[in-house]
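Below is one structure; the comments refer to it alone.
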Number of protein chains: 2
Amino acid sequence: MPTSTDTHLAATLRIAVMRLARRLRTERPDTDLTLSQLSALASVDRHGPMALGALASHERVQPPSMTRIVGALADRGLVSRVPHETDGRQILIATTEAGRDLLKEDRRRREAWLAQRLRELSPAELAVLHEAAPILEKLTSV
Amino acid sequence: MPTSTDTHLAATLRIAVMRLARRLRTERPDTDLTLSQLSALASVDRHGPMALGALASHERVQPPSMTRIVGALADRGLVSRVPHETDGRQILIATTEAGRDLLKEDRRRREAWLAQRLRELSPAELAVLHEAAPILEKLTSV
DNA sequence: TATTGTTATACTCTATAACTATA
DNA sequence: TATAGTTATAGAGTATAACAATA
């Protein structure tokens, strides 16, 4: 019985999560950045200054593609290219103030939609989600 | 205090859901179908036979693009093109047995990963997720 | 004349291959 | 000679515009 229940939970949870993620992704301001650009910018912001090659492999993209992505971001002033201190071949990509602002605004708008939905729930339902959130996080930390 | 708590929950939940969705998306068999093709196939399967134009607007794609997507799916025998009964201009796209099998296998493999993660949780944690799943579904039904 | 779908053509994004410079 | 990044070129995927067939 527990096994069959778990299979059903997996199916239900998967659909709910995918659907919710889809909505969260849709509730995105049109920053006119491509998803690749936005993703690379977020990575640099999250992990700190990185070499172009490291960023490319982290984003599962080839170096030439990352050269173009970073070029587009740099043209908008969202990232800066800093030469490596000791290795003249490498360049470090870092977010600028404008880049951080854009990411902050992006997150804020996505959270706004969800926060509004949450305000429509009952206290009991909110309590359940409070307990569920860390468990959902735990699922991906394997 | 409830407002600030909700904002925090929104932020936490959003990250957990997006991360989990990403993992679920990654745990995908390489069906060598593009995401557009897989998405269109799933739509036809979910909503039943549709005219090409209806499918295009449902998938937020232009008709010429859908012509190509459907062409690729039809070449693999995953969908069939059926002429409309009364309107000779329209063609209806329908899934084939092979198309339904591919989708079933695709879902099965994604659920397998999540089911395994769920087996590693405690009974108490599972109970929380059981309660949370319908609430998460409710969030998107607005 | 309006609508459905297709064909022609162009643009964007990414990849591989070849190149430049630094180690 | 090996490595980091760039430039050159090609291949998907999608879009707009023009077209053919049917209502």
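Convention: sequence-line order gives letters A, B, ...; per-chain numbering from 1.
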Length of the [atom1]-[atom2] vector between [X] and [N], whole Å:
X	N	atom1	atom2	answer
A:Glu59	C:dT14	CD	C1'	14 Å
B:Leu55	C:dT4	CG	C1'	14 Å
B:Gln90	D:dA21	CD	P	18 Å
A:Leu35	D:dG13	CG	C1'	15 Å
B:Arg89	D:dT22	CZ	P	11 Å
B:Arg68	D:dG11	CZ	C1'	11 Å
A:Leu52	D:dT7	CG	P	12 Å

Considering only NZ, NE, NH1 and NH2 on the basic side and carboxylate oxygens on the acidic side, decide whether B:Asp45 and B:Lys104 come within less than 4.0 Å. no
Nearest-nucleotide check on DNA chain D, A:Asp87 vs A:Pro64; residue mapping nearer the 5' end is A:Asp87
Heavy atoms from C-beta onward define the side chain here; which of C:dT7, D:dT6, D:dA15 lies closest to that of A:Ile91? D:dT6
Which nucleotide in D:dA23, D:dT6, C:dT6 has an atom nearest any side-chain atom of B:Arg81: C:dT6
Between A:Gly88 and A:Arg60, which is nearer to the 5' end of DNA chain C once each is assigned its nearest nucleotide? A:Arg60
By nearest-heavy-atom nucleotide on DNA chain C, the more 5' of B:Gly53 and A:Met66 is B:Gly53
Pick base, sugar-phosphate or nothing for A:Gln62, based on heavy-atom distances below 4.0 Å to the nucleic acid. base
Go through A:Glu120 and B:Lys138 one step at a time and tell me if the salt bridge (Lys or Arg N to Asp or Glu O under 4.0 Å) criterion holds. CA-CA 10 Å; A:Glu120 295 159 6; B:Lys138 190 173 158 184; over 6 Å; no
Going by distance alone, is a donor N or O of one side chain under 3.5 Å from an acceptor N or O of the other, for B:Arg23 and A:Thr140? no
Quick check against the 3.5 Å criterion: does A:Glu105 have a side-chain atom that pairs as donor or acceptor with the backbone of A:Leu102? no
